[in-house]
Number of protein chains: 2
Amino acid sequence: MTRKVQARTLATRDRLLAAGRELWAEGGASGLRTDEVVLRAGTAKGTFFAHFPDRDHFLATLLAEQLTARVAALPVPADRADLQAVLAAIFTAFAEEADTVALLARFSGPAGAGLGLDLMICAAIERLAQGLAAMQPRGLVANRAEPAVLAEALMALVFHAAASAQCPLHGDRAAVRARAEALLQAMTAALLGG
Amino acid sequence: MTRKVQARTLATRDRLLAAGRELWAEGGASGLRTDEVVLRAGTAKGTFFAHFPDRDHFLATLLAEQLTARVAALPVPADRADLQAVLAAIFTAFAEEADTVALLARFSGPAGAGLGLDLMICAAIERLAQGLAAMQPRGLVANRAEPAVLAEALMALVFHAAASAQCPLHGDRAAVRARAEALLQAMTAALLGG
DNA sequence: GCGATAAACTGACCGTGGTCAATAATAAAA
DNA sequence: TTTTATTATTGACCACGGTCAGTTTATCGC
């Protein structure tokens, strides 16, 4: 017999996530300690792991929140310039932290079911596919493949570019990032023509 | 004044890597403990971290060995069937373990300079590009973009498919893998025609 | 050969992610 | 309300990656 979930359960979870949001903002994902999270949330450490299987699932949940909001704010691209801007925005979001790329690689697929990252990816693909479907009859896209497939391929290219933009500390971050963006643009052109 | 590197240094490094290879074969990357590595190698723990900045760099070095060998064994694809086979082989190698995907995401770019993963990726791209360059004039590839760019995009698609093939334990691995392979094939067709 | 100096190695120690048997709080049954 | 069953929480504890001051071993100039 399953009982209804207690109100305090959700409250505890929210306190943990709120503390996580604060700490992420203060020191990034890599600087987020579970000890600090439970301290701020006012719970015991065991409670944290009763709510989240491990630290990475917790981080992935927070990341899903952020990225979902950012993706929701993106327009459906109406032309190639729009499209490039949208892809650049997603690239920027993905490449922001090294942890972001790692978390996406691990949890954007079936392994992250229920965390929200997969839904966020789907939402982004959906948005791109809508734009592509409208652009194809106008001849703005050379490739006549299924919009959904093209959109998924575009996301793969963005992700690859974001991964290749990760650089060691003290490296020339700006240069590496610029190269990654150029790479993304070249691959996009190869896929869609133009 | 820099002195020449001592022979024992290389010997120690080799012993560590040999122990790592054994343990990887026995229990996979996720089951590899640094304590066990140094025990088998007959060194102190500090020695391990004098040779490798952290556990992940050690794993990436081992992974680079494996993947480089597997990539070197691949043929230059002569037609579309060949190409699909080569991509499937790379996909299989990438998707073998969840750690593989994570390590590639982190160390295949500038962050992994000197570990060999980046060179392995370059070698794979080079091989694909050679095949594509020969296939384009024969009309076997619809897309006329630069072979090098196409090859890099293909690697991005393979990586994306491998990442999306990661599934939670006790999930239906075969089904998830099959879906990922179908996805890869669809994206490849979208990029190259056919 | 013999110091002097740099490189390699050591292992006790620490920080932090993660566990689990015990306890408290809540919802359902009596 | 009181009792019972289930869920939520606790915090001492452990495992393991990573550090560093100190020691040993090699290479160099003489």
Side-chain angles (χ1 to χ4, degrees), chain A residues 1-20 23-24 26-63 98-99 102-103 106-107 111 115 168-169, chain B residues 1-20 23-24 26-63 98-99 102-103 106-107 111 115 168-169:
Chain A
M1 176 68 81
T2 64
R3 298 181 168 186
K4 77 174 183 184
V5 359
Q6 302 176 14
R8 66 167 175 163
T9 304
L10 299 176
T12 302
R13 185 188 155 90
D14 282 349
R15 287 210 314 280
L16 288 167
L17 287 171
L23 289 165
W24 187 313
E26 289 171 21
S30 60
L32 186 149
R33 307 277 147 247
T34 57
D35 282 340
E36 193 74 21
V37 172
V38 298
L39 187 70
R40 291 213 190 180
T43 74
K45 204 168 186 177
T47 303
F48 180 97
F49 289 99
H51 283 262
F52 304 94
D54 57 33
R55 177 176 176 274
D56 276 1
H57 277 76
F58 181 69
L59 291 179
T61 304
L62 290 172
L63 181 64
D99 299 86
L103 289 170
R106 205 171 141 198
F107 294 116
L115 297 180
L169 260 52
Chain B
M1 176 68 82
T2 63
R3 299 182 169 182
K4 77 174 181 184
V5 11
Q6 302 177 15
R8 66 169 175 162
T9 304
L10 300 176
T12 302
R13 186 188 155 89
D14 283 348
R15 287 211 313 282
L16 288 168
L17 288 172
L23 289 165
W24 187 312
E26 289 171 22
S30 61
L32 186 149
R33 308 276 147 249
T34 56
D35 282 338
E36 193 73 21
V37 172
V38 298
L39 187 67
R40 290 213 189 180
T43 73
K45 204 166 187 177
T47 303
F48 180 97
F49 291 99
H51 283 264
F52 303 93
D54 57 33
R55 178 176 175 274
D56 276 2
H57 277 76
F58 181 70
L59 290 178
T61 304
L62 290 173
L63 181 63
D99 299 86
L103 289 169
R106 204 171 141 197
F107 294 117
L115 297 180
L169 259 52

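Protein chains get the first letters and strands the later ones, always in sequence-line order, with residue 1 at the start of each. What you see is a predicted model, and the numbers here were worked out from it, not measured in a lab.
- Residues B/L32 and B/V37 meet the side-chain proximity criterion, which asks for heavy atoms closer than 4.5 Å.
- The distance from the CG atom of B/L39 to the OG1 atom of B/T34 is 11.0 Å, given to the nearest 0.5 Å.
- Of the residues in residues 51-59 of chain A, A/H51 come within less than 4.0 Å of DNA chain D through at least one heavy atom, sorted by number.
- Scanning all heavy atoms of the two residues, the minimum distance from B/H51 to B/T12 falls at NE2-CG2, 3.7 Å.
- A search for side-chain contact (heavy atoms from CB on, under 4.5 Å) contacts involving B/R33 returns B/E36, B/R55, not counting sequence neighbours.
- A pairwise comparison of heavy atoms in B/V38 and B/F48 identifies CG1-CB, 3.7 Å as the closest pair.
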Below 3.5 Å between N/O atoms, which protein atoms pair up with nucleotides 23-27 of chain D? Just atom names and distances, please.
residue, atom, partner, partner atom, Å
D/dT27, O2, B/R3, NH1, 2.8
D/dT27, O2, B/R3, NH2, 2.8

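- Note that CZ of B/F58 is 12.0 Å distant from CG of B/L103, once rounded to the nearest 0.5 Å.
- Between B/T61 and B/R13, some side-chain heavy-atom pair lies under the 4.5 Å cut-off.
- In this entry the distance linking CG of B/L39 with P of C/dG11 reads 12 Å, nearest Å.
- Contact check of residues 40-50 of chain A against DNA chain C (heavy atom, cut-off under 4.0 Å) returns A/K45, A/G46, A/F49.
- Looking at every heavy atom in both residues, B/G42 comes nearest to B/R15 through O-NH2, 4.0 Å.
- The distance between the ring centers of B/F107 and B/H57 falls below 6.0 angstrom.
- Taking the side-chain contact (heavy atoms from CB on, under 4.5 Å) definition, one finds that B/D99 meets it with B/A29, B/S30, B/E97, sequence neighbours left out.
- Minimum heavy-atom separation, B/L16 to B/A41: CD2-CB, 3.7 Å.
- For C/dC9, one of the phosphate oxygens OP1 or OP2 lies less than 4.0 angstrom from a side-chain nitrogen or oxygen of B/T12.
- The stretch residues 28-37 of chain B has no heavy atom under 4.0 angstrom from DNA chain C at all.
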